[in-house]
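What's counted below: heavy atoms across the whole structure, side chains too, no hydrogens, waters or symmetry copies.
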Amino acid sequence: DKIVGRDFKPGAGMRVKLSDAGKEYIELFDSQHGTKYYDEGVGTIVGTGREVYIGMCDVRWDSGNAPTIDNTYHVYNTGNDGLYHLALAEDPPYSVQKVEPRGMTKKDQERLANLLRNEQHQAKS
């Protein structure tokens, strides 16, 4: 999967789904807090950087899943606190900007490069 916030910068209009890590985290979060952020379907990013938090996105789910209190959109991490809850459901019809690994040590940059190479290799096989 192409992970939003890790592999490229998030943008409004991107079609997304929960990443595997997102599904695991959100299931646990929902069970502990009585919320309904979990969705198996596809949605659209309608906003990024909510309340100046870089690394968070608002998603409008095709299923209609939305908060019952304010009836807006659920918010998901796309790099905030090192959490990546969204993956691309389909490639956008426009070019995306790569994320620059700021504040990472050389060792962490190498680790990330190896992980990305492994993912690309697995996708090809």
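Partner of Asn114 under the side-chain hydrogen bond (donor to acceptor under 3.5 Å, both in side chains) criterion, chosen from Arg111, Arg117, Glu110: Arg117.
Taking every heavy atom of both residues into account, Tyr37 and Val75 meet most closely at CE2-O, 3.4 Å. Residue Gly41 comes nearest to Asp39 through the heavy atom pair N-OD1, 2.7 Å, listed as atom of the first residue, atom of the second, then distance. Of all heavy-atom pairs spanning Ala21 and Tyr84, the tightest one is CB-O, 4.2 Å. Between Cys57 and Leu86, the closest heavy-atom pair is CB-CD1, 4.2 Å.
The environment of CD in Glu24 is sparse: at most 12 heavy-atom neighbours from other residues, nucleotides or ligands sit within 6.0 Å. Around NE2 of His121, the count of heavy atoms belonging to other residues, nucleotides or ligands within 6.0 Å does not exceed 12. Within a 6.0 Å sphere centred on NZ of Lys23, heavy atoms belonging to other residues, nucleotides or ligands number more than 12.
Side chains of Pro67 and His74 form a contact here, defined as non-hydrogen atoms less than 4.5 Å apart. Here the side chains of Leu18 and Trp61 are in contact, with some heavy-atom distance below 4.5 Å. In this structure the side chain of Thr72 never reaches within 4.5 angstrom of the side chain of Asp58, judged on heavy atoms.
If you take OG1 on Thr78 and CD1 on Ile3, they are separated by 11.0 Å, rounding to the nearest 0.5 Å. Taken to the nearest 0.5 Å, the OH atom of Tyr38 stands 4.5 Å off from the CD atom of Glu27. Rounding to the nearest 0.5 Å places CD of Glu90 at 10.5 Å from NZ of Lys17. If you take CG on Leu83 and CE on Met56, they are separated by 9.0 Å, rounding to the nearest 0.5 Å. To the nearest 0.5 Å, atoms CG (Leu112) and CG (Leu116) are separated by 4.5 Å.
Residues Tyr25 and Tyr76 share a hydrophobic cluster, clusters being chains of Ile/Leu/Val/Met/Phe/Trp/Tyr side chains in contact below 4.5 Å. At a threshold of 4.5 Å between side-chain heavy atoms, the hydrophobic network of Ile, Leu, Val, Met, Phe, Trp and Tyr places Ile45 and Val42 in two separate groups.
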Starting from the C-alpha separation in whole Å, work towards a yes-or-no answer on side-chain contact (heavy atoms from CB on, under 4.5 Å) for Phe29 and His85. CA-CA 12 Å; Phe29 185 90; His85 294 158; over 6 Å; no
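The pair Arg6-Asp1 does not count as a salt bridge, with every side-chain nitrogen at least 4.0 angstrom from each carboxylate oxygen.
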